[in-house]
Trainee: 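What follows is a structure written as structure tokens; I'll ask about it next.
For the numbers below, each heavy atom of this structure counts, side chains included, while hydrogens, waters and symmetry mates do not. Lettering of chains follows the sequences in order, A, B, ..., and the numbering in each one begins at 1. These numbers were taken from a predicted model, which means no experiment stands behind them.
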Protein chains: 2
Amino acid sequence: MGKEKSPTIKDVARIAGVSSATVSYVLNDLNKVTPEVDALVRRVAEELGYSRNNAARALKTGRNNIIGCILPTLTSPVFPEIAQAVQLRAEAHGYATLVIDSGNAPMREERVVRTLAKHGVDGAVALLHPKFKLANPPIFPMVSLDAKFPGLDSVHADHYAGGRLMAEHAIALGHRRVGMLSGFQDLTSSYERRQGFVDAAAGRVELVWEVNVQLVPQLPPEAVAAIRRREVTMIACVNDLVAIAALSVLKDSGMSVPGDVSVFGFDDMQWASWPLIDLTTIRQPLADLGSRATDLLIARLGNRDLPTEDVVLPVTLVERGSTSRI
Amino acid sequence: MGKEKSPTIKDVARIAGVSSATVSYVLNDLNKVTPEVDALVRRVAEELGYSRNNAARALKTGRNNIIGCILPTLTSPVFPEIAQAVQLRAEAHGYATLVIDSGNAPMREERVVRTLAKHGVDGAVALLHPKFKLANPPIFPMVSLDAKFPGLDSVHADHYAGGRLMAEHAIALGHRRVGMLSGFQDLTSSYERRQGFVDAAAGRVELVWEVNVQLVPQLPPEAVAAIRRREVTMIACVNDLVAIAALSVLKDSGMSVPGDVSVFGFDDMQWASWPLIDLTTIRQPLADLGSRATDLLIARLGNRDLPTEDVVLPVTLVERGSTSRI
DNA sequence: TCAGGTCGTTTAATCGTGTAAATAGATAAC
DNA sequence: GTTATCTATTTACACGATTAAACGACCTGA
């Protein structure tokens with residue numbers, strides 16, 4: 001039971017009777033060697049259970065084959081789905097993923113970026129606060145999730161179209177008086193969702209009240225009060241988490257859903273389909289978001305001079321039990 | 001705007017007028033240099049914005065300062081809380097965390113371990129399926145989460161005590177006829193939760209029916225049928241996710257909670273406290289689990305010859321609205 | 001005075017790869 | 001038959017850090 005050092009490229013070379021350079025060429029698919037040597041080297045490498053030392057490769061090439069994935073938090077119903085997709089996709093490209101949660105504070109985001117840099121990520125997929133200040137020059141390439149970001153590639157769902165879809169569905173169901181729990185408007189996605197709704201609703205639906213709320217499952221007193229005034233037949237929410245908070249208040253107040261009031265969410269997070277919740281919502285393709293962002297990032301790692309690209313993914317209406325015709 | 005190479009230890013050495021070895025000693029806190037030189041080197045490093053090249057360090061030392069965190073899935077209410085804690089703790093120790101989801105299949109777990117090895121993690125915190133086969137010799141140290149694992153350090157909640165707590169609370173509330181949705185018994189935590197309950201219930205509570213279910217929020221037909229037979233005053237569930245599925249079935253069947261039947265969960269996942277759900281449950285300290293496991297792992301990385309250690313964390317009863325006195 | 005000890009610093013080797021440049025061997029050109 | 005051209009392979013160095021060993025300056029005690 002000796003000190004089993006894991007085999008190096010030199011061990012492979014020695015046993016195969018070639019030089020280490022040849023082995024390197026083979027293992028990097030550089031097509032520089034004859035088929036016989038190629039096969040021989042691969043066989044020997046396989047037999048020895050050789051696996052490349054990433055640290056050495058990183059040192060030489062300056063690339064670590066690691067990307068970062070910065071999300072506001074992991075304890076949320078939506079972000080882990082994105083993280084999962086990023087990871088899967090990155091793995092397919094031969095990259096590992098450092099998932100890291102920023103706590104949704106722009107200040108902490110900047111620290112997180114430095115942390116990632118310290119650990120040598122080649123780039124990152126990030127859901128950033130709009131106030132985030134991009135370092136200049138950028139430490140590593142990033143792809144912005146969920147919103148355009150000046151100077152970065154981005155991938156996001158069509159929040160504006162989603163807002164319109166909500167309004168149109170509300171109209172189709174006969175709702176004329178709607179209350180809105182919108183997110184704070186400094187967040188691009190919250191802004192666009194609201195704007196889409198308002199534009200499509202104009203002249204056809206009255207926005208009886210509106211409260212800006214945090215994207216968490218607890219509502220501020222004004223929101224609770226507004227709901228309890230019973231002035232509307234539908235409550236349109238900036239996302240599913242907020243919608244669930246609204247459902248809670250309604251239940252507490254003895255109002256039935258969708259009998260007394262319909263509730264509309266946004267995101268289609270995993271739990272929206274649970275029978276206890278059963279929320280009508282606008283679905284954004286979370287996994288696609290992650291995969292596309294990862295592809296974009298990897299493409300950019302290959303060529304930093306590409307023009308920045310903004311990918312917009314379509315959203316869809318998912319009708320469940322929390323809404324009904326008036 | 002030239003090619004700004006980030007400064008190396010040699011740059012620092014040159015500018016500070018010392019050798020690179022000295023810089024290395026200073027930056028690794030090895031207390032080998034005079035205070036003046038120490039201060040000088042630190043100042044120069046700071047001014048240059050020097051940051052150590054991890055790849056080079058890893059190559060030389062064989063340690064990457066990265067740990068893995070293997071979890072069955074990220075899209076679950078409980079695991080991300082663990083991941084978050086692991087990450088935070090690892091960061092405090094100067095380690096980055098590669099969170100990776102194994103899809104809960106023992107086969108995939110083995111692949112995941114190889115993936116982590118390929119990316120050079122120094123060790124991992126892992127929630128493993130009991131059938132997982134540990135490589136021999138182990139590729140890197142691991143700490144088992146949620147259950148003891150032969151040959152590994154472990155950290156887990158006291159599932160058995162939790163089971164007893166459930167039974168005792170049921171008894172205190174006057175319940176005598178209980179149905180149980182238990183998990184499959186090959187999973188240690190599911191087994192112990194059930195065993196604790198059964199032991200404490202013996203002679204005082206009748207287990208009217210029991211169905212083994214997957215740990216997901218959908219129930220198999222037998223379970224639905226059992227619930228609809230209305231033979232019990234309480235349903236004890238292997239975890240909160242299953243409890244929520246039970247709540248759904250009860251709602252569908254027109255039974256009120258806790259009026260007609262009480263429901264008891266296990267885990268105290270984040271959403272158990274939402275007013276819509278409001279689940280009485282046994283709380284396991286998820287964040288502590290993650291932190292303790294990380295500490296254990298880091299300790300082991302420092303000294304591989306330590307005897308393996310099993311840490312058991314206490315659970316607590318969290319009483320909410322889904323249970324009541326009969 | 002000089003052998004021996006301390007202490008702070010430097011020298012130099014090393015980790016495992018990637019890759020530019022050198023080389024050898026075969027083929028083609030004339 | 002000599003030279004030029006190409007191709008497959010090897011040589012040799014660099015990447016940026018760590019660290020054992022060497023070193024020189026200073027101190028100490030007989």
Trainee: Nearest of C/dT10, C/dG16, D/dT10 to any side-chain atom of A/K60?
Mentor: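 Nucleotide nearest to A/K60's side chain: C/dG16.
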Trainee: For residues 31-49 of chain B, which residues have at least one heavy atom under 4.0 Å from DNA chain D?
Mentor: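 Within this stretch, nothing sits under 4.0 Å of the strand.
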Trainee: Does OP1 or OP2 of C/dG18 have a side-chain N or O of A/N28 closer than 4.0 Å?
Mentor: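 For A/N28, the contact criterion (side-chain N or O under 4.0 Å from OP1 or OP2 of C/dG18) is met.
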Trainee: Measure NZ/A/K10 against P/D/dA12 and give the value in whole Å, please.
Mentor: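 Result: 12 Å.
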Trainee: Between C/dT10, D/dC15, C/dT17, spot the one nearest the side chain of A/L59, thanks.
Mentor: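 Minimum distance to the A/L59 side chain belongs to D/dC15.
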Trainee: Quick check on C/dT17: is either OP1 or OP2 less than 4.0 Å from any side-chain nitrogen or oxygen of A/Y50?
Mentor: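 Result: yes.
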Trainee: Note down the inter-axis angle between the two ends of the helix from C/dT1-D/dA30 to C/dC30-D/dG1, five pairs each, to the nearest 10°.
Mentor: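 What I find for the helix from C/dT1-D/dA30 to C/dC30-D/dG1 is an axis angle of 60°.
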Trainee: When you check the side-chain N and O atoms of B/D153 and B/T308, is any donor under 3.5 Å from an acceptor?
Mentor: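 No pair is found: no donor N or O on one side chain lies under 3.5 Å from an acceptor on the other.
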Trainee: So, is B/R52 close to the D/dA17 phosphate, meaning a side-chain N or O under 4.0 Å from OP1 or OP2?
Mentor: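 No, because none of the side-chain N or O atoms of B/R52 sits under 4.0 Å from OP1 or OP2 of D/dA17.
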Trainee: So what does B/T61 touch, heavy atoms closer than 4.0 Å: a base, only the sugar-phosphate, or nothing?
Mentor: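 Sugar-phosphate, backbone atoms only, no base.
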Trainee: Would you say A/S19 places a side-chain N or O within less than 4.0 Å of OP1 or OP2 belonging to D/dT10?
Mentor: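 It does, given that an N or O in the side chain of A/S19 lies less than 4.0 Å from OP1 or OP2 of D/dT10.
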Trainee: Give a yes/no on whether any side-chain N or O of B/S24 is located under 4.0 angstrom from OP1 or OP2 of D/dA17.
Mentor: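 Checking D/dA17 against B/S24, no side-chain N or O comes under 4.0 Å of OP1 or OP2.
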